[in-house]
Number of protein chains: 2
Amino acid sequence: MHKFKRLPRHIGIIPDGNRRWAQNKGFEKQDGYEFGIQPGFELYSLCLELGIEEMTFYGFTVDNTKRPSLQTTAFQKACVDAVECLANRDADLLVVGNTQSPSFPKELLPYSKRTRFGEGLMKVNFLVNYDWNWDLNYSVKNSDFNSNKNLVKGIASSDISRMDLIIRWGGRRRLSGFLPIQSIYADFYVLDEMWPDYNNEQVYKALEWYQDQDITLGG
Amino acid sequence: MHKFKRLPRHIGIIPDGNRRWAQNKGFEKQDGYEFGIQPGFELYSLCLELGIEEMTFYGFTVDNTKRPSLQTTAFQKACVDAVECLANRDADLLVVGNTQSPSFPKELLPYSKRTRFGEGLMKVNFLVNYDWNWDLNYSVKNSDFNSNKNLVKGIASSDISRMDLIIRWGGRRRLSGFLPIQSIYADFYVLDEMWPDYNNEQVYKALEWYQDQDITLGG
């Protein structure tokens, strides 16, 4: 087991590259998603062992659902499987996304309120049918808004805390709408490997880099 | 002159590392800022030559003004000098920041509305005494808000368009509150060199990388 001087409290995960991985293997694009479930579970187990307090996985977005239906069905199923795989462990689970739309998988409705399993050792959040604009505008429809007059407090993802570190697989150096408020001070680490090629060494590399960064929170 | 397959329409600039540069040279921290003005002008000239349509410089934030007053005074002066240096060229200038606070330099008040100089060949935006929370919450105080009910349209920085590429000097891989809405789909390129060590080759490296990225806007 590696030792670190300093660990992030909350890690955000952008598990990108499933379709490119599938194509490189000679599969159809949509076949990549199911190979992303086991990596998610390995990463969760590693973070639990390290004592990470909170993790957020970028599942799929409303924009993603404009893709061909074979792909949409495949990533919806992968998200349901990934969440249900954790539902029987020691996670404190929350799914955030627009539950009003038909693209939101019904199986995940019970988790749109935080649900504690087993010892609830780690907060694990999944963004499912998420949309950054919907998230930020959520407070307008919220009755609390007129009292606190601060949009940021009333966003749809307000139960998800500030992220310290975001790790993105698949080589792209951008946030792609991932929690605009919680990512503001996050350190951003990009791995060139595709998500289905996950291994723990990649996370150790990210954490070794992270421990030497300073924390200023904009100050 | 380099040729590129594809150029960003709008480039965001995070000119970080002035204080570390000064310390490495044996100067006081606050002495670094004045060495950041000439690089800004060189970068502007290069982008103008390349035909970039819009640039946004991250000047200073409300959080930054909590630093020792010697530093605050130094970066305020550097921002005023940088803006005034462009005011006599062919820029379409805009300064965005909280003008209601004493930390906003009075000399820059005339530019808090977009001001065209010469041929106004490029939109150049400076964030001065900027605060992401203030930016996002601006619409609440805005009379248009009740009609359009979309916070994102009424933000304080709504005259600044979506960024395609953000280049950060000084090695840190984070956004530090830089325009949360406009940075959502931006590609993010980090240079290890400190900002006062600017040279055009650094920008060419960023643009060479950028031309090979795909554009999906979350799709």
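In what follows, every chain begins at residue 1, and chains take the letters A, B, ... in the order their sequences are listed.
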If we only count heavy atoms from C-beta on, is the B/Ile181 to A/Asn133 side-chain gap below 4.5 Å?
no
Just so I know, are the side chains of A/Leu175 and B/Leu175 near enough to count as touching, which here means a heavy-atom distance under 4.5 Å?
yes
Check: A/Asn137 side chain, B/Leu151 main-chain N or O, donor-acceptor pair, under 3.5 Å
yes
Give, for atom CZ of A/Arg173 and atom CZ of B/Phe188, the distance between the pair rounded to the nearest 0.5 Å.
10.0 Å
To the nearest 0.5 Å, how far apart are CD1 in A/Ile184 and CZ in B/Phe178?
12.5 Å
More than 12 heavy atoms from other groups under 6.0 Å of CD on B/Gln23
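Result for CD/B/Gln23: enclosed.
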CD/A/Glu208: more than 12 non-hydrogen atoms of other groups inside 6.0 Å:
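Yes, CD of A/Glu208 has more than 12 neighbouring heavy atoms, counting only those of other groups under 6.0 Å.
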Check whether A/Leu217 gets within reach of chain B through its side chain, its backbone, both or neither, counting any heavy atom under 4.5 Å.
backbone
Whether A/Asp214 and B/Arg172 form a salt bridge (side-chain N of Lys/Arg under 4.0 Å from carboxylate O of Asp/Glu) is what I want to check.
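So B/Arg172 pairs with A/Asp214 through a salt bridge.
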Start with the C-alpha gap between B/Val152 and A/Trp132, add the side-chain angles, then the distance that decides, and say whether side chain to side chain contact (heavy atoms under 4.5 Å, CB included) holds.
CA-CA 10 Å; B/Val152 171; A/Trp132 63 268; 4.0 Å; yes
Run the side chain to side chain contact (heavy atoms under 4.5 Å, CB included) check on A/Arg174 and B/Leu165 step by step: do they pass?
CA-CA 9 Å; A/Arg174 56 193 179 224; B/Leu165 171 65; over 6 Å; no
